[in-house]
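Proteins come first, then strands; the chains are lettered A, B, ... in the order of their sequence lines, and each starts at number 1. Just so you know, these numbers use all the heavy atoms, side chains as well, and skip hydrogens, waters and symmetry mates.
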Amino acid sequence: MIYLGNYGDWVDDNKLIEYMDTHEGVMSPRDQNHENDVKNVLHETSWNSYTSECTIQYNDTEYLPLELPDVKTDYYWLNKMLPGMCMPWHRDSNSDTVKVRYWMPLQDYEPGHIFICKHELMVNYKKGDLFKHEDPSQYHLAGNLGWINRYTLNLVEFK
Amino acid sequence: MILIGNYNSWIKQEWVDYLTNNDGLHIPRDFPPYKLENSALPETGWDLKSVYSILYSTDNTDIVIDHLPWTNSSDIKFYWWVNKLIPSMVYPKIRDSTYLYDTCCRYWIPLQDYEQGHIFVYEDTLMTGYKRGDVYMYTDPTAYVYAANAGRNMLLHLNFTTNENK
């Protein structure tokens, strides 16, 4: 993961955590109505893609337009993970169309909040730190094995 | 974590076969006396009626472990247990609560080679690249650890608490 800079003030200005805590998201993959790579991964294991509650997603681009200063992005989704939620090792379903993939934690690092890309566990980051995936199709996973909710933002620039 | 060495030849395949093919204690759901070190866990959203791990020990298996191959001392008292996590199981961040002795050393021994999606974190360190039978000693026996199986295959970890004073 390549560190690009800190957008902590931007996170505060957009009240992203407050937005997630006051709006209903989509329980993924349980309530997703399309087949994606997470579901495909789940089908091959003992995870149940039709009942699993891995993360709560928000991609309300119409209601919550987001634009990062000085960074071109075309699409975003927010993730809220309650303690105990975990995504399987996967790559995102839009990998073939993505040129650049970004990841931004919306809180300071909290032990138990995991994001692993390749074999690297992200630690000691700050709220609003922006990271670029070295390879947008890289397999990765996220989970909340800690004691407080975990909030992150994912952004992509399409090809 | 300090890598003591690899003791794969000491691990009996019959142990792994037993652990793989037999059920154990579903913790914390089926283990009423089981107490996680942090009693605040239920207040954080973790459900104590769910299953974080399947536990095996001398209490529910016939597996006999009568010595620690990485030490010549026969005076060391120890207790062992195995955590089995099937894909999708997650084990919360805790400090281990098994304090059986006045002094304590802890060891963590994977029973498989490292696989992507198999997560064991000691403090802020993700354990990767390990081999079956690698013996790691906790640098700090009170450290936070947590685990998850976000992979495709079963995960098996052997744990020891000893009365060594290091």
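In this structure, the side chains of A/Tyr102 and A/Leu68 stay at 4.5 Å or more apart for every pair of heavy atoms. Side-chain contact between A/Met85 and A/Arg150: absent, with no pair of heavy atoms (C-beta onward) separated by less than 4.5 Å. Put simply, the side chain of B/Trp80 reaches to within 4.5 Å of the side chain of B/Thr58, judged on heavy atoms.
Heavy-atom contacts from other residues, nucleotides or ligands closer than 6.0 Å to CD of B/Gln13 number more than 12. For A/Lys72, the NZ atom sits in a packed shell: over 12 heavy atoms of surrounding residues, nucleotides or ligands are nearer than 6.0 Å. Remark: A/Asp70 CG is loosely packed, at most 12 non-hydrogen atoms of other residues, nucleotides or ligands lying under 6.0 Å away. No more than 12 heavy atoms of other residues, nucleotides or ligands sit less than 6.0 Å from atom CG of B/Asp62.
The side chain to side chain contact (heavy atoms under 4.5 Å, CB included) test with B/Leu111 is passed by exactly one of B/Asn83, B/Leu155, B/Leu19, B/Thr20: B/Leu19.
Along residues 108-117 of chain A, the residues that come nearer than 4.5 angstrom to chain B, judged on non-hydrogen atoms, are A/Tyr109, A/Glu110, A/Pro111, A/Gly112, A/Ile114, A/Ile116 in order of number. Residues of residues 116-129 of chain B placed with any heavy atom under 4.5 Å of a heavy atom in chain A are listed by number as B/Gln116, B/Gly117, B/Ile119, B/Val121, B/Asp124, B/Leu126, B/Thr128. Contact annotation for residues 4-12 of chain A against chain B (heavy-atom separation below 4.5 Å): no residues qualify.
Only the backbone of A/Asn144 comes within less than 4.5 Å of a heavy atom of chain B; no side-chain atom from C-beta onward does. Residue A/Leu141 touches chain B through its side chain alone, counting heavy-atom pairs closer than 4.5 Å.
Side-chain atoms of A/His133 and A/Trp103 include no donor-acceptor pair closer than 3.5 Å.
In plain terms, the two heavy atoms of B/Ile76 and B/Leu68 that are nearest each other are CG2-CD1, 4.0 Å.
Taking the six-membered ring for Trp and thresholds of 30 and 60 degrees, B/Trp10 and B/Trp70 have ring planes more than 60 degrees apart, a perpendicular arrangement.
Separation of the B/Tyr91 and B/Tyr146 ring centroids does not fall under the 6.0 Å cut-off.
Classification of A/Asp21 and A/Lys80 as a salt-bridged pair holds, one side-chain N sitting under 4.0 Å from a carboxylate O.
Under the side chain to side chain donor-acceptor pair (under 3.5 Å) criterion, B/Asp134 pairs with B/Asn6, sequence neighbours left out.
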